[in-house]
**Student:** 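I am attaching a structure below and will ask some questions about it afterwards.
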Number of protein chains: 2
Amino acid sequence: MATTTAQDAELAGALVQTMHVLQDLYAETSRPLGLTPQQAHLLCVLLAGPLGMTELSRILSIERSSLTSMVDRLERRDLVARIPNPTDRRAFQIELTDPGLALANDAHKAFTTRIDDLTADLSPTARRTLSTALTSIFSRA
Amino acid sequence: MATTTAQDAELAGALVQTMHVLQDLYAETSRPLGLTPQQAHLLCVLLAGPLGMTELSRILSIERSSLTSMVDRLERRDLVARIPNPTDRRAFQIELTDPGLALANDAHKAFTTRIDDLTADLSPTARRTLSTALTSIFSRA
DNA sequence: TATTGTTATACTCTATAACTATA
DNA sequence: TATAGTTATAGAGTATAACAATA
């Protein structure tokens, strides 16, 4: 127990609460756009470019079979498309359609705006400090 | 656009990434305990004391009807109990059973440990700064 | 009338296991 | 053999609408 201090508990608690508040905010923001939080996440990941099913499932931390049905639903709504991979006939690239791109941008902007509102009172220095700290802790290789 | 700077975007992005990483960690930690992340959240909320359905649904940000089925499942596993409210015959208090309390404590300890591991490299000062900043931004009235 | 909680219903998310097609 | 993705299945989470009982 020597390594667990009251300050550890405080920080862990603050992070868990941060997660829950942001989750709620993410859900509230996605919903009026007609998206579940998971769908919004998927579309926003694809903003960086098309991805194969396996890679996308890894990024979203879900099984490939779970992703299949998510992509099915989004494809039916013409938000994403399965593009055959010319070099591997087993594989697809999942990419945003034009409406999917527009919606992903809307979602991204909506989240960012809501979070900016929450953090509006911070000084530029505090903002930079926080951003740096979180990035160094939670960035993934 | 004058109010949105590159630093805003950086901070919002860092916070969204933080949320996703913590969500994954929360799920990974709950699973070996036989809990979904939502179930773990519910049990941990009850660590503070019994709550009525309406109050609990508000805290979890879900509809009361959604909560009914969650509580059904947890009650079947003897992790929570519906205690009649003596002063209002419509209402229940949802409370942890002994096994539910033990499991909630296990879950809480497991999250905290994982998060502490992630933040182990921070100095006490950085830890306190981060904790204070997050609490001030994300604490709810 | 308003509130507490439930039921009925429909979707979505998710995992596991077994499968097809291709590499 | 290994990998990419799907199908089948089952269970869990969630919302909406309508409801019963009580306040």
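Labels below follow one simple rule: chain letters A, B, ... track the order of the sequence lines, proteins then strands, and each chain is numbered from 1. Hydrogens, waters and symmetry mates play no part in the numbers below; they use all other heavy atoms, side chains included.
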**Student:** Side chain of B:Arg89, heavy atoms from C-beta onward: which of D:dT14, D:dG13, D:dA23 has the nearest atom to it?
**Tutor:** D:dA23

**Student:** Between C:dT4, C:dA15, D:dG5, spot the one nearest the side chain of B:Ala91, thanks.
**Tutor:** C:dT4

**Student:** Is A:Asp88 touching bases, backbone alone, or none of the nucleic acid, heavy atoms closer than 4.0 Å?
**Tutor:** sugar-phosphate

**Student:** Out of C:dT14, D:dA15, D:dG5, which nucleotide sits closest to the side chain of B:Glu63?
**Tutor:** D:dA15

**Student:** Give the rounded distance in Å between these two atoms: CG of A:Leu35 and P of C:dT12.
**Tutor:** 12 Å

**Student:** Can you figure out which of C:dT14, C:dT4, D:dG5 approaches the side chain of B:Arg90 most closely?
**Tutor:** C:dT4

**Student:** Using atom CD of B:Glu75 as one end and atom C1' of C:dT6 as the other, report the distance to the nearest whole Å.
**Tutor:** 13 Å

**Student:** Nearest to the side chain of B:Ile62 - C:dT4, C:dC13, D:dT14?
**Tutor:** D:dT14

**Student:** Phosphate oxygens OP1/OP2 of D:dG13: is one of them under 4.0 Å from a side-chain N or O of B:Thr36?
**Tutor:** yes

**Student:** Roughly, in whole Å, what's the span from CZ in B:Arg64 to P in D:dA17?
**Tutor:** 14 Å

**Student:** Where the side chain of A:Arg73 is concerned, which of C:dT14, C:dA23, D:dT14 is the nearest nucleotide?
**Tutor:** C:dT14

**Student:** Determine whether the aromatic ring centres of residues B:Phe111 and B:His41 are separated by less than 6.0 angstrom.
**Tutor:** no

**Student:** On the side chain of A:Thr54, is there an atom forming a donor-acceptor pair with the base of D:dA4 - under 3.5 Å, no angle test?
**Tutor:** no

**Student:** Rounded to whole angstrom units, what separation is found between the CD atom of B:Glu55 and the P atom of C:dT4?
**Tutor:** 10 Å

**Student:** When you match B:Thr87 and A:Met53 each to their closest nucleotide on DNA chain D, which lands nearer the 5' end?
**Tutor:** A:Met53

**Student:** Over how many whole Å does the gap from A:His41 atom NE2 to C:dT14 atom C1' extend?
**Tutor:** 16 Å

**Student:** Can you tell me the distance, in whole Å, between the CZ atom of B:Phe92 and the P atom of D:dA21?
**Tutor:** 13 Å

**Student:** Taking only N and O in the side chain of A:Ser65, is any of them less than 4.0 Å away from OP1 or OP2 of D:dT6?
**Tutor:** no

**Student:** So, A:Gln39 side chain and A:Leu74 main chain: donor-acceptor pair closer than 3.5 Å or not?
**Tutor:** no

**Student:** D:dA4 P sits how many Å from A:Leu56 CG, rounded?
**Tutor:** 13 Å

**Student:** Is A:Thr18 reaching over with its side chain to a backbone N or O of A:Ala14, donor-acceptor style, under 3.5 angstrom?
**Tutor:** yes

**Student:** Is the shortest heavy-atom distance from the side chain of B:Leu130 to the side chain of A:Leu134 under 4.5 Å?
**Tutor:** yes

**Student:** If you compare every side-chain N and O of A:Arg31 against the phosphate oxygens of D:dT16 (OP1, OP2), does one of them come in below 4.0 Å?
**Tutor:** yes

**Student:** Which nucleotide sits closest to the side chain of B:Gln39: D:dG13, D:dT6, C:dG5?
**Tutor:** D:dG13

**Student:** Within this structure, what is the CG-to-C1' distance between A:Leu67 and C:dT16, rounded to whole angstrom?
**Tutor:** 16 Å

**Student:** Looking at side-chain heavy atoms only, is the closest gap between A:Leu56 and A:Leu46 below 4.5 Å?
**Tutor:** yes

**Student:** Find out whether B:Leu118 and A:Leu15 are in side-chain contact, i.e. whether some heavy atom of one side chain is under 4.5 Å from a heavy atom of the other.
**Tutor:** no

**Student:** When you measure from the side chain of A:Thr68, which nucleotide among D:dT14, D:dT6, D:dA23 comes out closest?
**Tutor:** D:dT6

